[in-house]
Amino acid sequence: MSYDFKAVEKKWQQKWEESGVFHAVDDFTKPKYYCLVEFPYPSGAGMHVGHIKAYSGLEVVSRKRRLQGYNVLFPIGFDAYGLPTENYAIKTGIHPRKVTDTNIAKFTDQLKKVGFSFDWNRVVDTTDEDYYKWTQWIFLKMFEKGLAFRDKTLVNYCPSCKVVLSNEDSQGGKCDICHSDVIQKSKDVWYLRITEYADKLLEGLNEVDFLPNIKLQQVNWIGKSRGAFVDFSIKDIDEKLRVYTTRPDTLFGVTFMVIAPEHPIIDKYSEKIGNMDAIKAYRDECSKKTEFERTQLVKDKTGVKIEGLTAVNPVNGKEIPVYISDYVMMGYGTGAIMAVPAHDERDYDFAKKFGIDIIEVIKGGDIEKAAYTGDGEMVNSGFMNGLTNKKDSIAKMIDYLTEKGIGEGGVQYKMKDWAFNRQRYWGEPIPIVHCKKCGMVAVPYEELPLKLPDVENFEPGSDGESPLAKIDSFVNCKCPKCGGDAGRETDTMPQWAGSSWYFLRYIDPHNDNEFANYEKLKYWMPVDWYNGGMEHVTRHLIYSRFWYKFLYDLGVVPYSEPYQKRTAQGLILGPDGVKMSKSRGNVIDPNEVVEEYGADVLRTYVLFMGDYEQAAPWSESSVKGCKRFIDRIWNLQEIAKEGNEFSEKLMSSMHKTIKKVSEDIEQMKFNTAIAALMTLLNQIYDAGEINYAELKALLLLINPFAPHITEEIWEKMNFGGTISDQTWPSYDEEKCRDASVEIAIQVNGKIKARINVASEISSEEAIAEAKKVPAVAALTEGKTIVKELYVKGKLVNIVVK
RNA sequence: GCGGAUAUGGCGGAAUUGGCAGACGCGUUAGAUUCAGGUUCUAAUAGCUGCAAGGCUGUGCAGGUUCAAGUCCUGUUAUCCGCACCA
């Protein structure tokens with residue numbers, strides 16, 4: 001009677017679909033649980049085993065929660081806008097809409113074949129008009145509040161994809177999509193003012209249960225620093241040069257200043273600058289450097305002294321030179337720094353190269369050799385001399401600056417505003433009209449969605465213009481404000497847009513009047529548990545928290561944080577131990593695994609292969625181990641017999657396993673939960689029999705991992721109803737204990753024997769028992785017992801001299 | 001450079017947080033079942049040593065604390081992942 005997994009899995013997948021058991025119901029009287037997994041980008045390659053691992057974790061939690069009586073929302077959708085689809089469309093001539101639909105159908109089919117208990121009634125597709133209508137709505141709200149704005153700046157531009165990229169999309173100076181070099185280009189760009197929410201995003205982390213390393217990455221990404229702004233006056237000119245510093249305490253050690261090549265003060269006073277030619281040449285040189293060269297390659301300091309501009313140190317009146325150098329960037333702080341070479345490594349390098357004075361103001365290092373950034377007594381610092389505590393010194397200086405009106409305390413963030421447009425076709429149109437008379441005007445809410453026009457040619461223009469710019473019928477329109485001739489914004493939103501709020505739409509996916517009903521949001525939010533990839537922990541997770549906090553401030557969502565708990569799964573590596581990639585040819589196709597071993601085996605294996613949060617290589621032979629496990633469960637039917645209660649033989653094993661599996665699932669220790677089930681299975685086969693009560697409990701425990709086979713056995717055994725109607729088994733702490741335990745006996749910390757003792761034995765009795773053991777007696781005889789102790793249920797240690 | 005993580009048999013990984021290192025699975029070896037292959041079942045499986053009971057050594061490396069250390073402390077090395085001239 002071998003197990004026909006193909007027929008059984010198909011049968012149950014159909015049953016689940018027909019009965020809709022996994023559909024969440026809007027019954028507000030029930031306790032709810034919202035499990036969220038990152039929705040996939042429906043690529044042409046189909047599902048990856050990584051998707052299976054990512055979804056299997058919360059799949060298990062969801063199935064367990066349902067058995068525990070919760071109303072569970074476990075939705076899925078598709079993050080379908082994006083470049084790969086568009087590039088594929090350009091290559092093949094197939095419309096991206098068609099490509100997307102095909103890919104979504106493929107993914108849907110694959111996900112169903114794995115038996116995931118998603119609520120298929122709530123599928124969200126970010127490219128659906130009914131969905132992006134609300135993405136545009138949120139954008140307009142941001143525009144209304146001044147959080148979406150347009151500005152001209154240097155942007156990261158990919159000449160190959162012909163698209164502007166965010167800093168996040170161009171890390172390492174390479175385009176995230178095609179990996180060619182990114183160059184700097186001046187362009188009009190849409191921004192979302194995420195920096196306004198920097199503090200809220202930081203503080204909100206105190207309220208939520210994210211893994212510590214996830215929190216830390218977000219904190220680093222936001223990069224808040226405390227310090228001071230200080231105004232330096234310029235000699236003979238009525239102008240202040242403002243700097244930002246985290247070390248105002250070292251102000252007496254300033255020997256020069258540096259401004260970024262793009263700093264506006266240069267153009268403003270160009271006629272006073274004696275060496276404009278040299279400065280212009282230097283600026284040209286810098287602008288040619290890619291972001292990559294500027295930040296990654298050359299740490300060697302370059303720069304030019306500005307002849308004619310001399311700054312004055314506000315605390316001691318000293319005159320100091322001003323340089324331009326590209327180690328100072330316009331995008332952070334004020335684009336100008338006060339340089340304290342004695343106590344900053346970068347300034348030290350620069351001073352050494354340009355022969356500038358180095359004045360020690362904090363004792364403790366050897367400034368002949370290197371900059372000293374540690375603590376110490378302040379010297380050469382006027383009224384600051386003698387202070388030894390950095391914190392106090394900084395506070396004292398800020399007080400002084402504030403009092404004299406030459407500066408003030410302040411904060412800075414590394415996080416920059418979010419560049420929010422792409423010159424691409426396959427994205428949400430930005431619902432803005434450019435009117436010569438009225439400027440930028442929002443498309444009226446009642447005209448949403450502003451539909452993406454259906455066109456034949458979606459290739460971007462050679463100058464990096466959006467393909468939409470070529471479509472007159474789309475571009476030409478009337479200004480909603482004055483009725484005059486106007487032109488539409490032709491850029492589209494980046495891929496991050498749709499994924500920034502999708503978890504809200506799941507709650508009310510078919511609502512035509514609002515993005516989601518407030519009462520429903522109140523019931524279902526926040527997401528109780530969100531799991532996804534570590535790679536989305538900074539970008540997507542911060543963006544979506546930002547959008548949610550904005551909506552919260554609008555009063556349209558309840559609670560200030562969207563995700564109560566966030567975890568991340570580790571990668572599945574190829575069998576060769578390195579990241580799976582097509583070029584390496586080490587990609588495992590989940591479909592093939594389902595075909596050969598079945599969905600239950602695939603699901604069990606991805607959770608059993610190692611620590612869920614850690615990367616682990618795929619192993620074909622280990623998959624077989626899980627196959628054996630599944631087959632052995634099937635064969636339990638042969639040895640099952642009547643019985644309404646756990647038998648004495650398996651009593652403690654049953655209770656222990658229920659406890660272990662219940663607890664491990666909550667901590668995402670799926671591998672040890674499965675191991676405990678395997679151990680129990682071994683014990684059952686050793687005992688040679690299992691009764692119905694035990695089999696029922698076992699099937700329930702295994703069900704979240706391997707739902708198809710457990711449902712089938714339940715049905716075949718005539719246990720009544722389906723597993724989905726049952727209740728998660730409970731355990732009794734008392735019954736987890738065995739009557740007797742084996743303890744180790746150590747002499748001087750080395751194990752010499754093992755004995756069985758009653759588990760409730762007293763310390764004295766245990767030690768007495770231990771001494772009776774001949775091997776132990778021989779070692780202790782004639783020696784002084786220094787110490788003897790008993791660790792309950794574990795060991796006895798006798799220390800002799 | 002800064003931040004984080006990891007390091008345990010032939011392999012993936014366990015270890016109730018200081019208490020029997022190697023659970024569970026893979027692989028391997030031997031045996032049984034089978035015409036055979038596959039499947040299944042039984043036993044062994046950290047290393048060294050010993051005929052054997054046993055002994056010794058073992059959690060990247062070097063120290064330390066403790067009756068007891070994979071776990072705590074000090075130092076150090078390697079690998080991986082973020083961030084990166086952030087003033």
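Note that the structure is a prediction, hence the values are computed from the model and not measured. Letters A, B, ... are given to chains in the order of the sequence lines, protein chains preceding strands, and every chain is numbered from 1. The basis for the numbers below is simple: all heavy atoms, side chains too, and nothing from hydrogens, waters or symmetry mates.
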Comparing nearest nucleotides in RNA chain B, the 5'-proximal residue of the pair G793(A), Q217(A) is G793(A)
Could you check how far CD of E620(A) sits from P of C26(B), rounded to whole Å?
14 Å
Minimum-distance nucleotide to K794(A) side chain [options: C26(B), A87(B), G19(B)]
G19(B)
In whole Å, what separates the P atom of A62(B) from that of U77(B)?
14 Å
Side chains of Y244(A) and S225(A), donor plus acceptor under 3.5 Å:
yes
Under 3.5 Å, is there a donor on one side chain and an acceptor on the other for Q217(A) and T538(A)?
no
With under 30° as parallel and over 60° as perpendicular, where do the rings of H343(A) and Y372(A) fit, or are they tilted in between?
perpendicular
Could you tell me how far U39(B) sits from C56(B) if I compare only their P atoms? Round to whole Å.
42 Å
Can you identify which nucleotide, out of A87(B), U40(B), A14(B), has its nearest atom closest to the I337(A) side chain?
A87(B)
For atom CG of L573(A) and atom P of G13(B), their distance in whole Å
9 Å
Rounded to whole Å, please give me the gap between CD in Q746(A) and C1' in A68(B).
6 Å
In whole Å, measure the gap between the C1' atoms of A23(B) and G9(B) for me.
14 Å
C81(B) versus A32(B) - spacing of their C1' atoms, nearest Å
50 Å
Taking the minimum atom-to-atom distance to the side chain of K750(A), which one of U57(B), G12(B), A14(B) wins?
U57(B)
Quick one: which of U6(B), C26(B), C41(B) gets closest to the side chain of R632(A)?
C41(B)
Taking atom C1' in both G13(B) and G70(B), what distance in whole Å separates the two?
14 Å
Name the closest nucleotide to the A616(A) side chain, picking from C24(B), G13(B), C26(B).
G13(B)
Once you apply a heavy-atom cut-off of 4.0 Å, does K659(A) come out as touching a base, just sugar-phosphate, or nothing?
nothing
I'd like to know if the side chain of E38(A) pairs up with that of H540(A) as donor and acceptor (distance under 3.5 Å, no hydrogens or angles considered).
no
Pairwise P distance for G37(B) and A30(B), with rounding to whole Å
14 Å
Which of these nucleotides, G19(B), G4(B), G27(B), is closest to any side-chain atom of N213(A)?
G4(B)
In terms of side-chain heavy atoms of L216(A), which of G12(B), A15(B), G3(B) is nearest?
G3(B)
Please report the distance separating the P of U16(B) from the corresponding atom of U71(B), rounded so that it comes out in whole Å.
13 Å
If I pick the C1' atom on G12(B) and the same atom on U28(B), what distance separates them, to the nearest angstrom?
16 Å
Assess the side chains of E788(A) and N797(A): does a donor N or O sit below 3.5 Å from an acceptor N or O?
no
Go through A87(B), G13(B), C56(B) for me and flag the one nearest to the K752(A) side chain.
C56(B)
Can you work out whether M678(A) or K669(A) has the more 5'-proximal nearest nucleotide on RNA chain B?
K669(A)
Can you tell me which nucleotide in A87(B), G12(B), G25(B) comes closest to the side chain of T245(A)?
A87(B)
